[in-house]
Structure formats: structure tokens, C-alpha cells
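Heads up, the thing below is written out as C-alpha cells.
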Amino acid sequence: MNIHFYKYQGAGNDFILVDNREMAVNHHHPAFIARLCDRRFGIGGDGIMFLQEKPGFDFEMIYYNSDGQPSSMCGNGGRCIVAFAKKLGVIAEETNFLAVDGPHYAKISESGEWVSLQMIDVDTISRDGSAYVLNTGSPHFVQETTDLKNKDVYHEGKAIRYNDTYRGEGININFIEDLGDHYFVRTYERGVEDETFACGTGVTAVALAMAKQKGLRGDLVAPIRVLGGSLSIRFHYDGERFTGIFLEGPARMVFSGSIDLELQ
Ligand SMILES: N[C@H](CCC[C@H](N)C(=O)O)C(=O)O
């Protein structure tokens with residue numbers, strides 16, 4: 001099957017995007033999806049998204065992790081598919097689209113390279129030892145640490161993700177270092193089963209957990225550095241609920257192309 005695709009990245013979290021409005025690609029084949037995402041035998045990417053028609057919305061975002069399995073929400077992927085929709089002429093500067101965790105509003109800059117994506121509201125944060133556990137569209141474990149640049153994120157993240165508590169459903173593991181004027185975050189991602197250069201729902205989880213830990217309230221902004229660049233989270237916290245949560249940052253096309261791949 002010949003597939004025309006676009007490659008995007010949002011702060012180094014990279015994705016394959018396919019305009020599937022004609023429903024030409026039947027993507028319910030994990031081995032086929034995993035092969036497309038394979039960095040040696042395919043195009044390569046942390047995940048893949050199909051942009052599809054959906055009555056009542058500008059489009060629907062269908063997202064798979066690179067392991068080929070359907071996934072929960074992808075924040076950086078959501079920002080990249082908004083940039084993709086603008087490139088296709090499906091939207092102008094604002095959009096309401098449907099994703100796996102429900103409707104999302106987003107705004108995009110004139111340049112088409114800066115996207116602000118509204119995330120779902122959050123009203124539950126639990127603890128696991130000194131860590132925070134919460135769902136921002138995907139499940140996240142947030143652990144504050146020091147000397148993060150030298151941490152073995154792969155092995156330490158994998159050990160938590162596959163421990164007795166999380167082995168079943170899986171969870172994304174975020175390590176955060178508070179550097180005063182910003183947080184530095186590194187993430188081991190479920191479904192990629194490796195560290196990624198950024199995780200949008202992950203840095204969102206970090207921003208909310210740190211606000212709770214510090215007893216912050218009101219309209220807040222959390223500047224965050226990740227391996228692949230910078231992201232910013234804006235939100236309101238009244239001590240109970242986190243609302244008006246926006247994940248903001250770059251979303252850029254890297255290249256486009258086509259690939260001939262037979263269904264396994
Ligand atoms: N790996 C995540 C989904 C993608 C999350 C990440 N790429 C983001 O930007 O939110 C999971 O399985 O929960």
C-alpha cells in the first residue's frame with residue numbers, strides 16, 4: 001500500500017501524520033503501524049496520527065504509540081495535528097477537534113508553528129510514595145529529583161513502568177528538577193518504551209503536581225525545558241480543580257514523503 005505522509009515534531013516528540021479524510025488507510029493493524037514508526041525499517045516516530053472527518057468537529061485525531069497499539073491522549077501530537085490541519089487548509093487559526101479523551105480547542109499562530117492546545121480539566125491527583133500520579137489525557141507518574149541531566153531515565157523509568165503497581169495498564173514516568181525559573185523534565189513514555197525528547201501530557205502533569213506541592217493558587221504559568229526544547233503550561237488552580245489548562249509550544253513539519261508498505 002502506498003501512503004503519503006508528513007513528519008512533524010513538537011519539542012522533539014516526533015510523529016508521522018496521514019491525511020485520512022478519504023479513509024484510504026485501514027490502520028487497525030498493530031504490526032503495520034509499528035513498522036511505519038520503526039526508525040530503521042520504516043519512517044520512524046514516537047507515534048502516528050490519522051486526521052479523519054468527524055461530524056460536529058473540524059476533524060478527528062486518531063493516535064497510536066510507536067508500538068502499534070491505540071493510545072490515550074498525546075499532547076504534543078495534538079499540537080502537531082493542529083499545525084497539520086492548518087497546512088491542509090482544514091482550519092485557519094482556531095479549531096475544535098475530537099481526540100480519544102474528548103473535544104479539544106486549540107489556537108495556532110499565523111506562522112503555523114506555535115500551537116496552544118487546551119487539555120482536559122484535572123481534579124484528581126494521588127500519591128505513590130513521594131511521587132504524584134494523575135491523568136492529563138494519559139496516565140503520569142511525577143517524581144521530583146536532582147541532577148536530572150545525569151539520570152539513567154531509561155532504566156529507572158522502565159523499572160517503575162513495569163513494577164507490580166503499573167505493569168498492567170502501564171504509565172508514563174516523568175522526572176522533574178526544579179531549577180527556580182523553570183522546571184527541567186525528562187520522560188520515559190509508555191508505548192514507546194523509551195525516553196522521548198518531550199511528552200506533552202507529561203509536562204502538563206508535572207506543572208499541575210508542582211503547583212499542588214507548592215500550594216500555588218489562581219492563574220499560573222509553568223515554563224518547562226525538555227531535551228527537545230521548551231514548552232509552557234498555563235492553567236487555573238483553585239485548590240480543588242485544575243481548569244483552563246493550555247499546553248503551548250512549537251509544532252513543526254520536518255519532511256513529507258510516501259512509502260510503499262504491504263500489510264503484514
Ligand atoms: N505514550 C503516551 C501517549 C503519548 C503521550 C505523549 N507523546 C504526549 O505528548 O502527551 C501513553 O501511552 O500514555
Side-chain angles (χ1 to χ4, degrees), residues 11-13 46 65 71-76 78 101 117 119-217 220-228 230-237 239-243 245-249:
N13 204 186
D46 291 331
N65 279 315
S71 169
S72 43
M73 182 55 184
C74 179
N76 286 325
D101 63 344
L117 171 69
M119 308 298 281
I120 58 170
D121 293 348
V122 173
D123 52 20
T124 309
I125 298 189
S126 53
R127 302 303 300 264
D128 179 350
S130 61
Y132 293 89
V133 179
L134 61 160
N135 191 302
T136 53
S138 283
H140 287 278
F141 178 100
V142 176
Q143 176 72 64
E144 195 166 4
T145 187
T146 56
D147 193 24
L148 181 54
K149 66 183 178 307
N150 294 315
K151 192 176 204 56
D152 183 353
V153 168
Y154 175 77
H155 289 102
E156 292 191 38
K158 189 170 188 173
I160 300 165
R161 179 262 180 273
Y162 281 102
N163 74 18
D164 290 345
T165 309
Y166 301 114
R167 179 179 306 118
E169 284 297 302
I171 195 167
N172 302 281
I173 310 299
N174 303 273
F175 297 106
I176 175 253
E177 184 171 15
D178 187 344
L179 296 174
D181 63 344
H182 69 281
Y183 299 132
F184 177 37
V185 178
R186 295 177 66 186
T187 305
Y188 175 97
E189 270 200 52
R190 172 185 73 168
V192 180
E193 300 310 334
D194 200 349
E195 179 178 10
T196 56
F197 270 33
C199 178
T201 51
V203 295
T204 303
V206 166
L208 306 187
M210 291 298 107
K212 181 178 179 65
Q213 176 169 282
K214 295 177 173 184
L216 305 180
R217 297 286 185 275
L220 303 166
V221 180
I224 298 192
R225 290 281 304 156
V226 290
L227 293 184
S230 299
L231 292 166
S232 174
I233 322 296
R234 275 189 300 115
F235 58 99
H236 182 84
Y237 182 42
E240 294 291 319
R241 299 199 71 207
F242 297 89
T243 55
I245 304 169
F246 282 85
L247 166 64
E248 305 186 323

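- Applying the salt bridge (charged side-chain N to carboxylate O under 4.0 Å, His left out) rule to Asp121 yields the partners Arg241; only residues at least two apart in sequence or on another chain are considered.
- The NE2 atom of His182 sits 4.5 Å away from atom CG of Leu179, with the distance rounded to the nearest 0.5 Å.
- Atom CD of Glu189 is separated from atom CG of Asn174 by 8.5 Å, given to the nearest 0.5 angstrom.
- In this structure, Glu195 and Arg186 have side chains that are in contact, with non-hydrogen atoms separated by less than 4.5 Å.
- Of the possible polar contacts, one joining the Asn172 side chain to the Pro139 backbone as a donor-acceptor pair under 3.5 Å is found.
- For residues 208-217, every residue pair satisfying the side-chain hydrogen bond (donor to acceptor under 3.5 Å, both in side chains) rule, not counting sequence neighbours, is listed here: Tyr132-Gln213, Glu144-Gln213, Asp178-Lys214, Tyr183-Lys214.
- For Glu248, the salt bridge (charged side-chain N to carboxylate O under 4.0 Å, His left out) test picks out Arg234, with sequence neighbours left out.
- Side-chain contact between Phe197 and Val226 is absent, with no heavy-atom pair separated by less than 4.5 Å.
- Looking at residues two or more places apart in sequence or on another chain, you find a ring pair (Phe, Tyr, Trp, His ring centres under 6.0 Å) between Tyr166 and Phe141.
- By the side-chain contact (heavy atoms from CB on, under 4.5 Å) test, Ser230 pairs with Arg225, sequence neighbours left out.
- Within the 4.5 Å cutoff, the side chain of Phe175 has heavy atoms near those of the Val153 side chain.
- For the salt bridge (charged side-chain N to carboxylate O under 4.0 Å, His left out) test, no residue two or more places apart in sequence or in another chain qualifies with Asp181.
- Counting heavy atoms from C-beta on, the side chains of Met119 and Leu208 never come closer than 4.5 Å.
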I'd like to know whether Val133 forms a side chain to side chain contact (heavy atoms under 4.5 Å, CB included) with Ile125, so could you lay out the CA-CA distance, the side-chain angles of the two residues, the decisive distance to 0.1 Å, and finally the verdict. CA-CA 6 Å; Val133 179; Ile125 298 189; over 6 Å; no
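- Using modelled atom types, one finds a donor on one side chain and an acceptor on the other under 3.5 Å when comparing Ser130 with Gln143.
- Checking Glu177 against Thr145 by side-chain atom types alone, no donor-acceptor pair falls below 3.5 Å.
- For the 3.5 Å distance criterion, the side chains of Tyr154 and Lys158 qualify, holding a donor opposite an acceptor.
- Between Asn13 and Cys199, the closest heavy-atom pair is OD1-CA, 4.0 Å.
- Residues satisfying the side-chain contact (heavy atoms from CB on, under 4.5 Å) criterion with Cys74, sequence neighbours excluded, are Phe15, Met61, Tyr63.
- Residues Thr196 and Asp46 have side chains that never bring a donor and an acceptor to within less than 3.5 angstrom of each other.
- Inter-residue side-chain proximity for Ile245 and Ile120 is flagged as unmet; no heavy-atom pair is nearer than 4.5 Å.
- Residues meeting the side-chain contact (heavy atoms from CB on, under 4.5 Å) test with Thr165, sequence neighbours left out: Asn163.
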For the pair Val221 and Ile233, evaluate side chain to side chain contact (heavy atoms under 4.5 Å, CB included) and give the outcome as yes or no after the intermediate values. CA-CA 6 Å; Val221 180; Ile233 322 296; over 6 Å; no
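- A distance of 8.5 Å separates CG in Asn76 from OG1 in Thr204, rounded to the nearest 0.5 Å.
- For the atom pair OG1 (Thr201) and CG (Leu134), the distance works out to 9.5 Å, reported to the nearest 0.5 Å.
- The side-chain contact (heavy atoms from CB on, under 4.5 Å) search around Arg161 returns Ile173, Tyr188, Arg190, Glu193, not counting sequence neighbours.
- Summarising the local packing, CZ of Phe246 is surrounded by more than 12 heavy atoms from other residues, nucleotides or ligands at distances under 6.0 Å.
- With sequence neighbours left out, the salt bridge (charged side-chain N to carboxylate O under 4.0 Å, His left out) criterion links Asp147 to Lys149.
- Judged as a side chain to side chain donor-acceptor pair (under 3.5 Å), and not counting sequence neighbours, the contacts of His236 are Asp219.
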Starting from the C-alpha separation in whole Å, work towards a yes-or-no answer on side chain to side chain contact (heavy atoms under 4.5 Å, CB included) for His140 and Asn135. CA-CA 6 Å; His140 287 278; Asn135 191 302; over 6 Å; no
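- Under the 4.5 Å side-chain criterion, counting only non-hydrogen atoms from C-beta, Ile176 is in contact with Val142.
- Contact check for Thr124 versus Val122: no side-chain heavy atoms found under the 4.5 Å cut-off.
- Side-chain contact check for Ser72 and Ser138: at least one donor-acceptor pair (N or O, by modelled atom type) lies under 3.5 Å.
- Considering every non-hydrogen atom in both Leu247 and Gly200, the closest pair reads CD2-CA, 3.6 Å.
- Every ring pair (Phe, Tyr, Trp, His ring centres under 6.0 Å) that Tyr237 has, sequence neighbours left out, goes to Phe242.
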